[in-house]
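Order of listing sets the numbers, starting from 1, for every ligand and every atom in it. Side chains included, hydrogens not; waters and symmetry mates left out as well; all remaining heavy atoms used. Residue numbers count from 1 along this sequence.
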Amino acid sequence: MSPEPNLRAAALDSAASMIIPAHVGIIMDGNGRWAEKRKLIRSQGHLEGLKAAKRIVKAASDAGVRFLTLYVFSTENWKRASEEVGFIMGLVKQYLRGELDFYRENHIRIRHAGDPAGLPPDIARELESACRETCSFSGLQVILALNYGGRDEIVRAARKILDAAGNGGMPLITEKTFHSFLDNPDVPDPDLIIRSAGEYRTSNFLLWEGAYSEYYVSDILWPDWTETEFDGALKAYRERGRKFGGAR
Ligand code: IPE
Ligand code: IPE
Ligand code: MG
């Protein structure tokens, strides 16, 4: 049983060296394995994965996380069977439409990372409308990484730099200027990147932004995630010593 919300808040508050990561990224993996274990079709796993995502958005908002990037669909996930891809896109649409009241109540802002041009037009429209309708909300910012690949983001940034330069010659490229052409340049780098379902790889997630992120890998399959697992990741983060290349 999860603790009551006020007990959970108290538990989070009472940690002597409480450090809540400003930005958490999550590679929500293991939906297929969750379904296979139960002899269900993969779609059922994605459906349960969506419920877990809703639980974790609430948990992150309650914990005071400011930015939460959810890896929903990668640039490589198009390789999957068209039925699975279609089902996931349908779920995304349902989520964007169905959660608007929840975003309003919790002041949650929805944003996108990834290439909107590669999305089915109805999904791109729905995403744009959710981003627009929530753009003034000042609570947790949920960044949906959808048709997202770290390499693709870097390549698109390089193209934007060339476009912006036009015929005026190449600007001086520094890390700072390059960063300003990424999908969400105002969002701080993720402090913590969580991966469910036990794989130790980035799978093309936030390659630039995650240069100094703390990684937390859990064997728990994504559909089984509750605030207890999320709090476990926050606790592990608090115990890390971040050095950013410096000496201590
Ligand atoms: C993550 O779960 C969801 C997406 C990548 C869209 P998977 O579908 O990758 O689940 P596994 O890895 O097959 O268990
Ligand atoms: C990463 O999971 C992508 C998302 C969670 C959206 P994958 O299941 O696609 O990654 P690999 O194939 O195991 O590396
Ligand atoms: Mg997977």
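- Closest to atom 6 (C) of ligand 1 by heavy atom, among Asp29, Asn31, Val72, is Val72.
- If you check each of Phe205, Trp222, Tyr71 against atom 4 (C) of ligand 2, the one with the closest non-hydrogen atom is Tyr71.
- Polar contact check, Arg80 against ligand 1: a nitrogen or oxygen pair lies under 3.5 Å apart.
- Close approach of ligand 1 to His46 (heavy-atom distance below 4.0 Å) involves ligand atoms 3 (C), 8 (O).
- Under the rule for a ring pair (Phe, Tyr, Trp, His ring centres under 6.0 Å), Tyr200 has no partner lying at least two apart in sequence or in another chain.
- Within 4.0 Å of atom 11 (P) of ligand 2, at least one protein heavy atom is present.
- Close contacts of ligand 1 with Ile88, meaning ligand atoms under 4.0 Å from a residue heavy atom, involve 6 (C).
- Taking the ring axis of Trp78 as reference, the NZ or CZ atom of Arg80 does not stay both within 45° of it and closer than 6.0 Å to the ring centre.
- Considering only non-hydrogen protein atoms, atom 13 (O) of ligand 2 sits nearest to Arg201 NH2, 2.8 Å.
- Classification of the Phe87-His46 ring pair by plane angle, with boundaries at 30° and 60°, yields tilted.
- One finds the OG1 atom of Thr69 at 9.5 Å from the CD atom of Gln141 (value rounded to the nearest 0.5 Å).
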Compile the donor-acceptor pairs under 3.5 Å between side chains in residues 214-221 and protein atoms, sequence neighbours left out, one pair per line.
{"residue": "Glu214", "atom": "OE1", "partner": "Arg240", "partner atom": "NH1", "Å": "3.1"}
{"residue": "Ser218", "atom": "OG", "partner": "Ile220", "partner atom": "N", "Å": "3.0"}

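- For atom 2 (O) of ligand 2, the nearest non-hydrogen atom from the set Glu76, Arg195, Arg33, Met28 belongs to Arg195.
- Of all protein heavy atoms, the one lying nearest to atom 14 (O) of ligand 2 is Ser203 OG, 2.6 Å.
- Ligand 1 lies less than 4.0 angstrom from a heavy atom belonging to Gly30.
- By the 4.5 Å heavy-atom criterion applied to side chains, Asp191 and Arg242 are counted as neighbours.
- Classification of the Phe178-Trp208 ring pair by plane angle, with boundaries at 30° and 60°, yields parallel.
- Note on Glu36 versus Arg42: salt bridge recorded, some NZ/NE/NH1/NH2 to OD/OE distance being below 4.0 Å.
- Counted by atom type alone, Ser203 and Arg195 present one or more donor-acceptor pairs between their side chains at under 3.5 Å.
- Contact annotation: the side chain of Ile193 never approaches that of Ile26 to less than 4.5 Å [non-hydrogen atoms, C-beta and beyond].
- Within the structure, ligand 2 lacks Glu199 among the residues with a heavy atom less than 4.0 angstrom away.
- Close contacts between ligand 2 and Phe73 involve ligand atoms 6 (C) [criterion: under 4.0 Å to a heavy atom].
- Hydrophobic clustering, with ILVMFWY side chains joined whenever heavy atoms are under 4.5 angstrom apart, groups Met89 together with Trp222.
- For ligand 2, the polar-atom distance check finds an N/O of Asn77 within less than 3.5 Å of one of the ligand's N/O atoms.
- Protein atoms of type N, O or S found under 2.8 Å from the Mg ion (ligand 3) total 1.
- In this view, Arg104 and Asp101 satisfy the side chain to side chain donor-acceptor pair (under 3.5 Å) rule, not counting sequence neighbours.
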